[in-house]
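Not measured: the values here are computed from a predicted model. Computation of the quantities below employed the complete heavy-atom set of this structure, encompassing side-chain atoms and omitting hydrogens, waters and symmetry-equivalent molecules.
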Amino acid sequence: MTKRREFLRTTALAGAALWAAPWLACTPKKELSTMPAAKGAAGTFTLPDLGYAYSALEPAIDALTMEIHHGKHHAAYVKNLNAALVDFPAYQLLTLEDLCTVVLPGDLAVRNNGGGHYNHSIFWKLIQPGGSKVPGPKVAAAIVSSFGSFDAFTTAFTEAAKTRFGSGWAWLCADEKKKLFITSTANQDNPLMKNVVEKVGQPILGLDVWEHAYYLNYQNRRPDYIKAFMGAINWDKVEELYTKA
Ligand code: MN
């Protein structure tokens, strides 16, 4: 165990909020407009409104899937995160993004439900109807620079989503130099989780490949769901996240 991890563990166990200040100061503050505001106590995360009708993405994603996914699955991550934070005072001061960044692998209730809340919060925005159907100028240039072409990116992202075994997410991320890379994570982990994942980055596009995200309409046809998602991406939101990364 690294010294940093020992310190984080000590902080978590002690439950003394003030002890958190030194390492909070070291955490980059990159607030996303899509994220809930800073938190001061457990039990204050809330389910964000979807912002559009459950049926708005049909036929790519059906209304019943959206209703259950947002109203039941995402709502449960929020509820369970709030409940978990009661036992983890050191995480209570953090924004959702910072919580993901510092969460320890063994703090499973915070890791799973904090990740679940973060991942779904950006996912709804990334498929919000009405945005551009092609990448904006900054992301388009970064995609060509990082993958060679948009087609090469699409192939690689689709492959990452198809081959994520079991439940998880495929991601397009920006590294610290704003170069793009594709990765996937298990369960509700995400690339912010520097103590959990091998490859750390700022997510700018994420695809939920849990069966709950597509099974009602697509059953075992995950590739068809991935293709439908690729056509439903709101590239204005991707551009926005990339600009802030
Ligand atoms: Mn989901």
Side-chain angles (χ1 to χ4, degrees), residues 28 30-35 56-57 59-61 97 100-101 115 118-211 213-214 217-218 220-245:
K30 287 186 288 184
E31 296 290 343
L32 298 179
S33 61
T34 51
M35 293 292 103
L57 290 158
I61 305 178
E97 186 165 347
C100 290
T101 301
Y118 176 88
N119 298 348
H120 289 87
S121 293
I122 65 168
F123 184 62
W124 309 131
K125 299 288 183 189
L126 289 164
I127 51 176
Q128 182 170 330
S132 172
K133 289 294 153 200
V134 294
K138 291 175 187 164
V139 169
I143 283 175
V144 171
S145 161
S146 303
F147 305 107
S149 68
F150 185 75
D151 284 350
F153 151 74
T154 301
T155 300
F157 188 87
T158 298
E159 193 62 17
K162 271 182 5 193
T163 56
R164 163 49 54 187
F165 185 75
S167 298
W169 292 72
W171 302 99
L172 176 65
C173 297
D175 69 14
E176 54 202 9
K177 293 178 180 171
K178 298 196 79 163
K179 188 174 172 67
L180 299 179
F181 67 92
I182 289 166
T183 188
S184 76
T185 54
N187 304 316
Q188 295 296 351
D189 293 343
N190 65 52
L192 294 173
M193 296 179 176
K194 63 184 180 185
N195 298 313
V196 173
V197 298
E198 284 181 19
K199 195 147 188 188
V200 177
Q202 183 70 38
I204 64 166
L205 179 65
L207 172 55
D208 187 345
V209 294
W210 283 59
E211 286 187 345
Y214 63 88
N217 190 37
Y218 293 97
N220 62 328
R221 303 188 307 278
R222 189 192 283 190
D224 291 349
Y225 160 70
I226 296 167
K227 191 173 179 187
F229 167 82
M230 297 305 282
I233 295 169
N234 182 330
W235 285 99
D236 290 339
K237 296 295 178 185
V238 183
E239 186 85 356
E240 185 183 319
L241 292 177
Y242 181 69
T243 302
K244 291 178 182 173

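Contact between S184 and W171 at its shortest, heavy atoms only, is CA-CD1, 4.2 Å. Here the shortest heavy-atom pairing between A56 and P129 reads CB-CG, 3.7 Å. The two residues S149 and I143 come nearest to each other via the heavy atoms O-CG2, 3.9 Å. In terms of heavy-atom proximity, A60 sits nearest to N217 at O-ND2, 4.3 Å. The two atoms that bring D208 and F123 nearest to each other are N-CE1, 3.8 Å, heavy atoms only. In terms of heavy-atom proximity, A160 sits nearest to T183 at CB-O, 4.4 Å.
Counting heavy atoms from C-beta on, the side chains of S167 and V209 never come closer than 4.5 Å. Proximity of F157 to M230: side-chain heavy atoms (C-beta onward) are separated by under 4.5 Å at one or more points. Proximity of I204 to L180: side-chain heavy atoms (C-beta onward) are separated by under 4.5 Å at one or more points.
Formation of a donor-acceptor pair under 3.5 Å by the T101 side chain with backbone atoms of E97 is found in this model. Side-chain atoms of Y242 come within 3.5 Å of backbone atoms of K178 as a donor-acceptor pair (strictly under, hydrogens ignored). Between the side chain of E239 and the backbone N or O of K138, at least one donor-acceptor pair lies under 3.5 Å. The closest donor-acceptor contact from the side chain of N187 to the backbone of G168 lies at 3.5 Å or more, if one exists at all. A donor-acceptor pair under 3.5 Å is absent between the side-chain atoms of R164 and the main chain of W210, judged by distance alone.
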Checklist entry - What do the steps show when you test Y118 against L192 for side chain to side chain contact (heavy atoms under 4.5 Å, CB included), and what is the final call? => result CA-CA 10 Å; Y118 176 88; L192 294 173; 3.4 Å; yes
Item to check | Full working for side chain to side chain contact (heavy atoms under 4.5 Å, CB included) between K162 and I226 | outcome: CA-CA 8 Å; K162 271 182 5 193; I226 296 167; 3.5 Å; yes
Next on the checklist: Run N234 and L126 through side chain to side chain contact (heavy atoms under 4.5 Å, CB included) and show every step you take.
Outcome noted: CA-CA 5 Å; N234 182 330; L126 289 164; 5.9 Å; no
Checklist entry - Step by step, would you call V144 with F153 a side chain to side chain contact (heavy atoms under 4.5 Å, CB included)? => result CA-CA 8 Å; V144 171; F153 151 74; over 6 Å; no
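Here the CG-CD distance, from L57 to Q128, works out to 9.5 Å after rounding to the nearest 0.5 Å. Separation of atoms CG (L207) and CZ (F229) is listed at 4.5 Å; rounding is to 0.5 Å. Here SG of C173 is found 8.5 Å from CG of N190. Values are rounded to the nearest 0.5 Å. L205 CG to W235 CH2: the interatomic distance, rounded to the nearest 0.5 Å, is 5.5 Å. Interatomic distance, CZ of F181 versus NZ of K199, reported as 5.5 Å (0.5 Å rounding). Note that the CD1 atom of I61 and the OH atom of Y225 stand 5.5 Å from one another [nearest 0.5 Å].
Between the side chains of Q188 and N119, a donor-acceptor pair is found at a separation under 3.5 Å.
In terms of the salt bridge (charged side-chain N to carboxylate O under 4.0 Å, His left out) criterion, D236 has no residue partners (sequence neighbours excluded). Applying the salt bridge (charged side-chain N to carboxylate O under 4.0 Å, His left out) rule to D175 yields no partners; only residues at least two apart in sequence or on another chain are considered.
Taking the ring centroids of W169 and H120, they lie under the 6.0 Å cut-off.
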